[in-house]
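Have a look at the structure below, then the notes.
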Number of protein chains: 2
Amino acid sequence: MRLSNLADYAVITMCQAALHCGNGRVSAAELAAETGLPVPTVQKLVSKLTGAGLLRSVRGAHGGLQLGRPAAAITVADIVEAIEGRIALTACVDHTPCDFEAACNMKPHWPIINNALRGALAGITLAQLRGPVVLARNEDAPAPTPIIEETLS
Amino acid sequence: MRLSNLADYAVITMCQAALHCGNGRVSAAELAAETGLPVPTVQKLVSKLTGAGLLRSVRGAHGGLQLGRPAAAITVADIVEAIEGRIALTACVDHTPCDFEAACNMKPHWPIINNALRGALAGITLAQLRGPVVLARNEDAPAPTPIIEETLS
DNA sequence: TCCAATTCGGACTGATTCCGTCCGAATTGA
DNA sequence: TCAATTCGGACGGAATCAGTCCGAATTGGA
């Protein structure tokens, strides 16, 4: 039950891309240099992230990447699912047939556990990660970072 | 982010063992026959489960297995951790050094997510699984399943 | 006391998946 | 046309996982 390394790297990459938001486009090579990740790895990541709509890519000279939608509308769950596919701790959550359902009393419980995990991931947006670290535990706290949404050219 | 098959099987095995609680001891072969799991696999599982104290093994003729403590005191989290080790979605949760901490804003958030997952697993005991199935809340995404294939062969 | 039956426990092998790298094709602006 | 950049697939190495097998330990009965 480990997050794959690629999914972890994708979160770091998206976080770095969010920092460049508003400053035009950024290349995959730049993101790699800033994060310390290997360039080919970042290229593979942005390929999937673009396919999921989380990034927008512009080809050609002076091309590059930018966020596909406002940072506040991108959650960690979105990023993880873009890399790993639908979050599913077990096969039965995916409605995939299982050979041992007959003796399994857990089947009704796995969706609940799965939702707890997904909810925790979906509760963190790129906007929160970009700003100063604020633990999103108490909802009475004032809005952490009133970020002005950038225009998507 | 998938639970390993062995951890999943361990939950099924423990669940079956709980059904035998009070009826003396049960052998690994019996558990395998009742659950449909391969016998060597069950043997491997009970080995780890016994080491974690979740099961108690008695060797020799007429030996067998029994729960290491009351079913109400064994949670799914205990079982998963007995097989997979400490629940840790990322390396930093385990306090394992990570090469990309410098550019990672997620580090303070992972423990929160990890606790959400572990809490969900720790909220289900063997006693609950043994009894009739009761859903706490059924808000599982019905998964619209945008499946193209309409052909029913 | 010894033997045999039954069990647990650990070591080994094959397979699958994952990670990282590389290269060529396609696209755009100068 | 040339240069810069993204996109897609193919390849090899590594790690982990699943499954199988065999040996060690223990108990009950003769």
Side-chain angles (χ1 to χ4, degrees), chain A residues 1-10 12-13 17 20 24-33 35-66 68 80 82-85 88-91 98-100 153, chain B residues 1-10 12-13 17 20 24-33 35-66 68 80 82-85 88-91 96 98-100:
Chain A
M1 184 152 27
R2 265 271 171 94
L3 197 71
S4 72
N5 287 352
L6 286 180
D8 198 358
Y9 299 163
I12 296 175
T13 301
H20 286 273
R25 306 188 180 95
V26 59
S27 70
E30 277 182 275
L31 291 176
T35 58
L37 295 167
V39 175
T41 298
V42 175
Q43 285 180 349
K44 204 177 192 69
L45 290 175
V46 298
S47 173
K48 287 192 175 182
L49 293 170
T50 303
L54 302 182
L55 285 178
R56 277 185 66 176
S57 70
V58 178
R59 286 191 177 185
H62 299 90
L65 303 159
Q66 56 188 21
V80 170
I83 304 298
E84 295 197 349
L89 286 173
T90 60
C98 170
D99 295 339
F100 309 104
S153 57
Chain B
M1 182 148 32
R2 265 271 172 97
L3 196 71
S4 72
N5 287 352
L6 286 180
D8 198 357
Y9 299 163
I12 296 176
T13 301
H20 286 273
R25 306 188 180 96
V26 61
S27 69
E30 277 182 276
L31 291 177
T35 57
L37 295 167
V39 175
T41 298
V42 174
Q43 285 181 350
K44 196 185 190 86
L45 290 175
V46 298
S47 173
K48 287 192 174 182
L49 293 170
T50 303
L54 302 182
L55 285 178
R56 190 177 166 78
S57 70
V58 178
R59 288 191 176 185
H62 300 90
L65 302 159
Q66 54 189 19
V80 171
I83 303 298
E84 294 197 351
L89 286 173
T90 60
T96 304
C98 169
D99 295 339
F100 310 104

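In the text below, chain A, chain B and the rest are named by the order of the sequence lines, each starting its count at 1. If you're wondering where the values come from, they're calculated on a predicted model, not measured in any experiment.
- If you measure from atom CG of B:L31 to atom C1' of C:dT7, you get 13 Å, rounded to the nearest angstrom.
- The two residues B:A28 and B:L65 have their closest heavy-atom pair at N-CD1, 4.0 Å.
- Atom CZ in A:R2 sits roughly 16 Å away from atom C1' in C:dT17 (whole-Å rounding).
- The nearest pair of heavy atoms linking B:L45 to B:A10 is CD1-N, 3.8 Å.
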request  = Quick one, give me the B/S/- string for nucleotides 10-22 of chain D, reading 5' to 3', where B means a protein heavy atom under 4.0 Å from the base and S means that only happens at the primed atoms, P, OP1 or OP2.
outcome  = B-------SBB--
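- Remark: B:L6 CG to B:K48 NZ distance equals 7.0 Å, nearest 0.5 Å.
- Protein atom CG of A:L37 is 13 Å distant from nucleotide atom C1' of C:dC19, rounded to whole Å.
- Phosphate proximity of C:dG9 to B:S57: present, with a side-chain N or O under 4.0 Å from OP1 or OP2.
- We find that CG of A:L65 is positioned 14 Å from C1' of C:dT27, with the value rounded to whole Å.
- Remark: of the listed residues B:H20, B:R56, B:Q66, B:Q66 is the sole one forming a side-chain contact (heavy atoms from CB on, under 4.5 Å) with B:R25.
- With A:T13 as reference, A:L37 is the one residue of A:T41, A:L37, A:L55 to meet the side-chain contact (heavy atoms from CB on, under 4.5 Å) rule.
- The line from CD1 of B:I83 to CG of B:D8 is 11.0 Å long, rounded to the nearest 0.5 Å.
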Every protein N/O lying under 3.5 Å from an N/O of nucleotides 24-28 of chain D:
residue	atom	partner	partner atom	Å
D:dA25	O4'	B:R59	NH1	2.5

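- Inter-residue side-chain proximity for B:L3 and B:E84 is flagged as met; some heavy-atom pair is nearer than 4.5 Å.
- Separating the SG atom in B:C98 from the CG atom in A:N5 is a distance of 8.5 Å, to the nearest 0.5 Å.
- With rounding to whole Å, B:R25 atom CZ is found 14 Å from C:dC8 atom C1'.
- Using five terminal pairs a side, the axes of the helix from C:dT1-D:dA30 to C:dA30-D:dT1 at its two ends make an angle of 10°, given in steps of 10 degrees.
- One interatomic measurement links the two molecules: CG of A:L55 to C1' of D:dT5, which rounds to 15 Å at whole-angstrom precision.
- With hydrogens and angles disregarded, no donor-acceptor distance shorter than 3.5 Å links the side chain of B:S47 to the backbone of B:Q43.
- Residue A:A28 is in sugar-phosphate contact alone, with no base atom involved, counting any heavy-atom pair closer than 4.0 Å across all strands shown.
- Rounding to the nearest 0.5 Å places CE of B:M1 at 10.0 Å from CE of A:M1.
- For the atom pair OH (A:Y9) and CG (A:L31), the distance works out to 15.5 Å, reported to the nearest 0.5 Å.
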